[in-house]
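Values in this document were obtained by computation on a predicted structure and should not be read as measured data.
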Amino acid sequence: MKSILKITTKILLFVFLTIVTQIGGIVYVLSMIISKKLKWKSKFKSISVFITCYVITSLFLVPLIAPIFGREKVTHTDGIQPSNYLTTVLNRNYVTPELNDVLLKTEKALKGSGIEISYLDANFPFINKFPLLPHLSHNDGKKIDISLIYETKNGVITSKQRSVSGYGVFENPKSNEYNQIHKCLESGYFQYDYPKYVSFGNINKELVFSEKGTKKLIQAILRNKDLGKLFIEPHLKKRMNLTHYKIRYHGCRAVRHDDHIHIQLH
């Protein structure tokens, strides 16, 4: 019975690590093989070997292999940073060179505005159609989520976020705005509200949504000819008076987009 439980635990851990990081499951198997060959006796041996293997693989091997699949890490600059560095640790920060170029051009267009690009989940480094859960479409290197822009109560734009993960703190519709969220939930699409469960905690509660900052960010993104679509919740599109044809509604089968912006290439 103990042996069945042990095997089941290892299988579940393999599946979990693969779902969350793509490479974690394979690294886990490799680390178990290495651990058995090491004579070092310690109750921390297995976890130490796994962490070492994972760090080496993520930092050195994955970036070398990813270009074979047409992907590379999101380029970090003074104006492009992850909202949460766990995104990079979990290898969820890979895009095509073309999408990297869109981000860099957007950063250049925003220079001097005080607005920075804080990105959330992008894609895994390998294999088209490999799902980056819980997202439906982040599976080809051509998609990335970007944080909304926030400001202090005095109107000073900041790069800080309202949640630990960057997701799940919504800019809800006002009483006089169209409420697509209510319509989707009422129609049975219970997952539409899902991001509220992955915020991992609310922070910087003194900050407020920056309408002017988010609008400038979106307008800068829309200047890129390689942009295919941009998703944001309808009430925010209306509030910011945005009418560009590339701003689309994502549908009730996805999740709500009033906590982040989704962009993708053609």
Side-chain angles (χ1 to χ4, degrees), residues 82-84 86-87 92 115 117-123 131-139 142-153 155 157-222 227-264:
S83 175
N84 186 318
L86 194 60
T87 303
R92 301 166 78 93
I115 298 170
I117 298 171
S118 296
Y119 73 88
L120 308 171
D121 279 345
N123 312 264
L132 184 123
L133 297 177
H135 306 279
L136 296 178
S137 64
H138 291 229
N139 58 19
K142 297 181 179 180
K143 285 98 178 180
I144 192 169
D145 289 342
I146 296 174
S147 172
L148 303 178
I149 304 299
Y150 297 95
E151 61 185 39
T152 66
K153 291 179 180 179
I157 288 176
T158 176
S159 60
K160 293 180 180 179
Q161 308 303 310
R162 291 285 313 279
S163 75
V164 174
S165 70
Y167 293 102
V169 176
F170 307 119
E171 180 58 25
N172 291 305
K174 296 177 181 178
S175 59
N176 63 337
E177 293 178 329
Y178 177 66
N179 195 328
Q180 181 65 52
I181 297 97
H182 177 71
K183 183 177 180 181
C184 287
L185 293 173
E186 197 175 48
S187 299
Y189 295 97
F190 63 92
Q191 89 298 331
Y192 203 67
D193 239 1
Y194 173 81
K196 68 185 179 183
Y197 298 114
V198 293
S199 70
F200 303 133
N202 295 4
I203 55 175
N204 302 316
K205 294 181 181 179
E206 74 281 1
L207 298 180
V208 295
F209 171 68
S210 175
E211 184 177 326
K212 63 179 181 180
T214 303
K215 183 174 182 177
K216 280 184 181 179
L217 170 61
I218 290 175
Q219 288 174 328
I221 294 170
L222 290 169
L227 180 73
K229 299 175 185 177
L230 184 150
F231 295 153
I232 195 166
E233 210 61 40
H235 68 274
L236 293 183
K237 176 184 175 182
K238 179 74 173 176
R239 188 186 302 177
M240 292 183 284
N241 194 27
L242 294 166
T243 58
H244 199 284
Y245 73 95
K246 287 187 178 181
I247 303 176
R248 310 283 181 83
Y249 175 58
H250 41 278
C252 287
R253 295 181 186 276
V255 296
R256 58 191 291 182
H257 283 65
D258 53 353
D259 59 343
H260 71 281
I261 302 161
H262 167 102
I263 67 171
Q264 65 186 64

Please test M240 against I232 for side-chain contact (heavy atoms from CB on, under 4.5 Å), starting from the C-alpha separation and ending with a verdict.
CA-CA 11 Å; M240 292 183 284; I232 195 166; 3.7 Å; yes
Side chain to side chain contact (heavy atoms under 4.5 Å, CB included) test vs L217 passes for just one of L148, I261, I157, namely I261
>> For H262 together with H250, are the ring centres under 6.0 Å from each other?
In response: no
With sequence neighbours left out, the residues meeting salt bridge (charged side-chain N to carboxylate O under 4.0 Å, His left out) with E151 are none
Backbone of S137 reached by a side-chain donor or acceptor of H135 within 3.5 Å | no
* Indicate yes or no: at least one non-hydrogen side-chain atom of I146 is less than 4.5 angstrom from one of L120. => no
Side-chain contact, heavy-atom cut-off 4.5 Å: L222 with I247?
yes
- prompt: Q264 versus I144: any side-chain heavy-atom pair under 4.5 Å?
  reply: no
message: For the NE2 atom on H244, are there more than 12 heavy atoms of other groups (residues, nucleotides or ligands in this structure) within a distance under 6.0 Å?
response: yes
Nearest heavy-atom approach of I181 to P173 is CD1-CG, 3.8 Å
In terms of heavy-atom contacts, K160 and Y150 come closest through O-CD1, 3.7 Å
Check your understanding: Are any side-chain N or O atoms of D259 and backbone N or O atoms of Y167, one a donor and one an acceptor, separated by less than 3.5 Å?
Key -> no
- Query: Taking the side chain as C-beta and beyond, is there a heavy-atom pair between F209 and L236 under 4.5 Å?
  - Reply: yes
Applied to residues 175-188, the salt bridge (Lys or Arg N to Asp or Glu O under 4.0 Å) test, sequence neighbours excluded, yields E177-R239
Could you tell me whether the side chains of Y189 and Q191 share a donor-acceptor contact shorter than 3.5 Å? no
Could you tell me whether a side-chain N or O of N84 sits under 3.5 Å from a main-chain N or O of T87, the two making a donor and an acceptor?
no
For residues 197-221, the salt bridge (Lys or Arg N to Asp or Glu O under 4.0 Å) pairs (sequence neighbours left out) are none
Please set out all donor-acceptor pairs under 3.5 angstrom arising from side-chain atoms of residues 196-204, sequence neighbours excluded.
from	atom 1	to	atom 2	distance (Å)
K196	NZ	D193	OD2	3.4
S199	OG	G201	N	3.3
N204	ND2	Q161	O	2.8

Between the OG atom in S159 and the CD1 atom in I117, the distance rounded to the nearest 0.5 Å is 12.0 Å
**Flag side-chain contact, heavy atom, 4.5 Å: N172 against D258** = yes
- Query: If only atom types and distance count, is the side chain of K246 paired as donor or acceptor with the main-chain N or O of L227 below 3.5 Å?
  - Reply: yes
Heavy atoms of P234 and Y178 approach each other most closely as CB-CD2, 4.4 Å
Across all chains, not counting sequence neighbours, the side-chain hydrogen bond (donor to acceptor under 3.5 Å, both in side chains) partners of K143 are D140
Practice item. Kindly indicate whether the side chain of Q180, heavy atoms from C-beta on, has any atom under 4.5 Å from the side chain of H235. Key: no
By salt bridge (charged side-chain N to carboxylate O under 4.0 Å, His left out), R92 pairs with (sequence neighbours left out) D121
Shortest non-hydrogen pair, S83 vs S165, comes out as OG-O, 4.3 Å
Donor-acceptor contact below 3.5 Å, side chain H257 vs main chain L230 = no
Establish, yes or no, whether the cationic atom of R256 lies under 6.0 Å from the six-membered ring centre of F170 and within 45° of the ring axis. yes
For Y249 and Y192, the nearest pair of non-hydrogen atoms, with its separation, is OH-OH, 3.1 Å
